[in-house]
Amino acid sequence: MFQCCLPGALRSWSRRVFSTSALPRLVLGIETSCDETGAAVLDETGRILGESLHSQKETHLETGGIIPLVAQRLHKENISRVVQEALNRSAIEPSELTAVATTVKPGLALSLGIGLDFSLKFVRQHQKPFIPIHHMEAHALTVRMLHPIDFPFLVLLVSGGHSLLALAKGIDEFLLLGQTLDEAAGDTLDKIARRLSLRNHPECGTLSGGQAIERLAKEGDRLAFRFSSPMGQNHDCNFSFAGLRTQITGAINKKEKEEGVEAGQLLSCVKDIAAASQHSVASHLAKRTHRAILFCKSKGFLPEHNPTLIVSGGVASNEYIRQILKIITDSTGLHLLCPPSKFCTDNGVMIAWNGIERLKQGKGILSYTDEVNYEPKAPLGLDITSEVKEAAIKVPKLKLRTDS
Ligand code: KG4
Ligand code: ZN
C-alpha cells in the first residue's frame with residue numbers, strides 16, 4: 001500500500017512517482033524467483049532501455065533438476081553484475097529511476113531471498129520506492145507491454161512451477177478458475193526429458209526439458225503411443241499431470257526393457273515418446289482452457305468485442321501447444337495472444353513492466369520497506385475453482401490436430 005506520510009528524504013521521489021512532468025518514469029525490474037537472474041530498465045511506454053539475464057539452466061541440467069541451494073548461490077554470484085549490466089545498457093543512473101520492482105512471490109524461498117535482499121539494499125541506498133511483484137501477475141501482464149489489450153481477458157499461465165487459468169479483471173484483480181493439483185506442465189515435461197536422458201541427445205544438450213521435447217517431437221509420431229487423458233471425468237478447470245507422467249514413465253520402462261537400453265542411453269523411439277507426451281500435455285491444457293472459456297462466456301465475464309485468451313509462462317513458448325490452443329480459440333471465437341518466446345520464460349523485463357503498470361495506477365508502491373518479505377507460496381487472485389466445478393460444464397469434443 002502506498003504510504004502518504006513520508007519522511008522528508010522521500011518526498012522528492014513521491015513527486016516523481018505521481019508527477020505528470022515531461023520526465024519519463026523509469027522502472028528497474030529484478031527477477032530471481034526460480035533459476036533465472038534477470039534485470040531490466042523500462043520506460044512507461046514499455047520501451048526496454050537495457051536488460052540482462054543470467055540463466056542457470058545448464059547447471060541445473062547437469063545436476064538433474066534445480067537444487068535450491070545451488071540456485072541461491074548462482075543468484076548471489078550474478079545479481080550485482082546482472083543489475084549493473086541492465087543499468088549500463090540503458091545508460092540510466094540509479095538516481096534517475098522512478099522505482100524498483102522485484103519478484104517477491106511465489107517461488108523458491110532461497111532464490112526469492114537473494115533478489116529481495118539485493119533490492120532492499122538498493123532502494124535504501126538510492127532512496128527509491130519499492131514495488132513488490134507477484135511472479136504470475138507479471139507473466140499475465142507481459143502481453144500488455146506489446147499489445148494494447150484491455151481487461152478483462154482470460155489467461156493460461158504454464159511454467160515450470162505453475163499451471164493455472166484465471167480471468168484477469170485488472171492489473172491486480174484475478175479470478176482463479178483452475179490450477180494444477182499436483183505438478184506443473186513444465187515440471188512434467190522437464191521430468192520426462194530427464195527420464196529420457198535427452199541431455200545426451202546431440203540436438204538437446206543445452207535445451208530445457210520442454211524445449212528438448214518440442215525439438216524432438218517435430219520428427220516424432222504422436223500416435224505411436226497413446227496415453228489416456230488426465231481427469232477426463234472431472235468437469236472443472238484444474239490440471240493434473242502426475243498420472244500422465246506415470247503412464248509415460250511406464251511406457252519408457254517397457255521400451256527400455258525391450259531394447260536393452262541402460263541408464264543415460266537413448267531409446268530408438270525417443271522422438272515418438274516426445275511427440276506423444278507433448279500432445280497429451282497440450283490436449284489436457286486445451287480441454288481445461290476450453291471449459292474455462294465456456295464458463296466465462298456463461299457468466300458474461302468476457303467482453304463481446306475481441307474476447308482474448310493470453311497464454312504465457314515458459315511452456316507457452318511451445319509452438320505445438322500454441323497451435324492446439326488456437327483450435328480452441330478459433331472454435332469459441334476468442335483471439336489468442338502469446339508474448340514472443342523470450343518474454344514467456346522468466347526475465348527482468350516482465351517484472352519491470354509489472355512495476356510500470358502498478359506505477360501508472362499508483363498501486364502497491366512502497367516507501368517503507370521494513371516489513372516487506374518474500375512468500376514462496378502465493379495464490380493468484382480470488383479462488384473460484386469450486387464455483388467452476390459446480391457449473392460442471394461439458395466440453396464438446398474437438399479434433400485436436402495440427403498440420404505439423
Ligand atoms: O516461466 P519459466 O521460465 O520459469 C518458471 O517460472 O517456472 O518456465 C520454465 C519452464 C520449464 O519447465 C521449461 O521446460 C518450460 O518452461 N519450457 C518449455 C519450452 N521452453 C521452456 N516447455 C515446452 N516447450 C518449450 N519450448
Ligand atoms: Zn515464470
Side-chain angles (χ1 to χ4, degrees), residues 29-38 53-58 60-61 64-66 68 71 75 102-108 111-112 115 133-143 155-164 179-180 183-196 198-199 203-204 206-218 220 239 241 245 274-275 277-285 310-325 338-351 353-354 376-378 380 404:
I30 299 179
E31 157 63 30
T32 65
S33 69
C34 188
D35 59 348
E36 319 276 345
T37 317
L53 186 67
H54 174 264
S55 173
Q56 307 177 355
K57 195 168 65 187
E58 285 192 28
H60 300 313
L61 279 170
I66 299 174
H75 282 306
T102 301
T103 308
V104 300
K105 60 186 174 185
L108 298 174
S111 296
L112 288 166
I133 299 293
H134 190 300
H135 183 81
M136 302 314 285
E137 179 181 304
H139 272 307
L141 299 180
T142 311
V143 73
V155 278
L156 168 66
L157 301 180
V158 268
S159 68
H162 298 86
S163 300
L164 63 85
Q179 61 188 329
T180 186
E183 56 195 45
D187 191 22
T188 305
L189 293 171
D190 290 341
K191 284 174 173 154
I192 296 167
R194 226 176 292 143
R195 181 64 191 78
L196 287 168
L198 296 191
R199 226 188 120 233
E203 289 171 37
C204 303
T206 58
L207 302 183
S208 70
Q211 286 171 322
I213 299 255
E214 179 172 28
R215 171 78 59 91
L216 297 184
K218 288 198 169 104
F239 302 101
F241 295 98
R245 187 159 61 79
S277 305
Q278 177 179 257
H279 179 75
S280 298
V281 168
S283 41
H284 185 42
L285 293 173
I310 305 290
V311 188
S312 194
V315 180
S317 15
N318 186 296
E319 279 301 325
Y320 183 86
I321 291 175
R322 289 181 184 204
Q323 284 175 31
I324 294 284
L325 289 167
C338 314
S341 251
K342 71 169 200 154
F343 295 129
C344 282
T345 45
D346 293 350
N347 59 79
V349 173
M350 69 185 209
I351 307 304
W353 173 251
N354 199 341
K377 285 201 184 339
L380 182 73
S404 51

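For ligands, and for the atoms within them, numbers begin at 1 and follow the listed sequence. As a basis for the values below, the full set of heavy atoms in this structure was taken, side chains included, without hydrogen atoms, waters or symmetry mates.
Although no hydrogens or angles enter the test, the distance criterion places no donor-acceptor pair under 3.5 Å between the side chain of Glu31 and the main chain of Gly38. A distance-only check finds a donor-acceptor pair linking the side chain of Ser111 to the backbone of Cys34 [under 3.5 Å]. Of the possible donor and acceptor atoms, none in the side chain of Thr142 sits under 3.5 Å from a partner among the backbone N and O of Met350.
Among all non-hydrogen protein atoms, the one lying nearest atom 24 (N) of ligand 1 is Asn318 ND2, 3.1 Å. Protein heavy atom at the shortest distance from atom 5 (C) of ligand 1 is Asp346 OD2, 3.4 Å. In terms of protein heavy atoms, atom 19 (C) of ligand 1 is closest to Gly314 O, 3.6 Å. Closest to atom 7 (O) of ligand 1, if we only count protein heavy atoms, is Gly160 N, 2.8 Å. Scanning the protein for heavy atoms near atom 26 (N) of ligand 1, the closest one is Glu214 OE1, 2.8 Å. With respect to atom 22 (N) of ligand 1, the closest heavy atom belonging to the protein is Gly210 CA, 3.3 Å.
Taking the Zn ion (ligand 2) as reference, the nearest N/O/S atom within His139 carries the name NE2. Looking at Asp346, its N, O or S atom nearest to the Zn ion (ligand 2) turns out to be OD1.
You'll find the side chain of Glu214 stays beyond 4.5 Å of the side chain of Ser317, heavy atoms only. Residues Gln179 and His162 fail the side-chain proximity criterion, which asks for heavy atoms closer than 4.5 Å.
Every atom of ligand 1 with a heavy atom of Thr345 under 4.0 Å away is listed here by number and element: 3 (O). Atoms of ligand 1 found under 4.0 Å from any heavy atom of Ser159, numbered from 1 in the order shown, are 1 (O), 5 (C), 6 (O), 7 (O), 8 (O). Atoms of ligand 1 found under 4.0 Å from any heavy atom of Gly161 (numbered from 1 in listed order, with element): 7 (O). For ligand 1, the atoms closer than 4.0 angstrom to any heavy atom of Gly186 are 12 (O). For ligand 1, the atoms closer than 4.0 angstrom to any heavy atom of Leu189 are 22 (N), 23 (C).
Of the residues listed (Gln56, Glu58, Lys57), the one engaging His60 in a side-chain hydrogen bond (donor to acceptor under 3.5 Å, both in side chains) is Gln56, and it is the only one.
Of all the listed residues (Gln211, Met136, Arg215), Gln211 holds the heavy atom that lies closest to atom 20 (N) of ligand 1.
Contacts with ligand 1 closer than 4.0 Å are made by side-chain heavy atoms of His139 only, the backbone lying farther away. Contact annotation: for Asp190 versus ligand 1, heavy atoms closer than 4.0 Å belong to the side chain alone.
Under the 3.5 Å distance criterion, with hydrogens and angles disregarded, a donor-acceptor pair is assigned to the side chains of Asp346 and His135.
Every heavy atom of Cys34 sits 4.0 Å or more from the atoms of ligand 1. Taking a 4.0 Å cut-off on heavy atoms, His135 registers as neighbouring ligand 1.
Among the backbone and side-chain atoms of His135, an N, O or S atom lies under 2.8 Å from the Zn ion (ligand 2).
Here Lys191 pairs with Asp187 in a salt bridge; the nearest charged N to carboxylate O distance falls below 4.0 Å.
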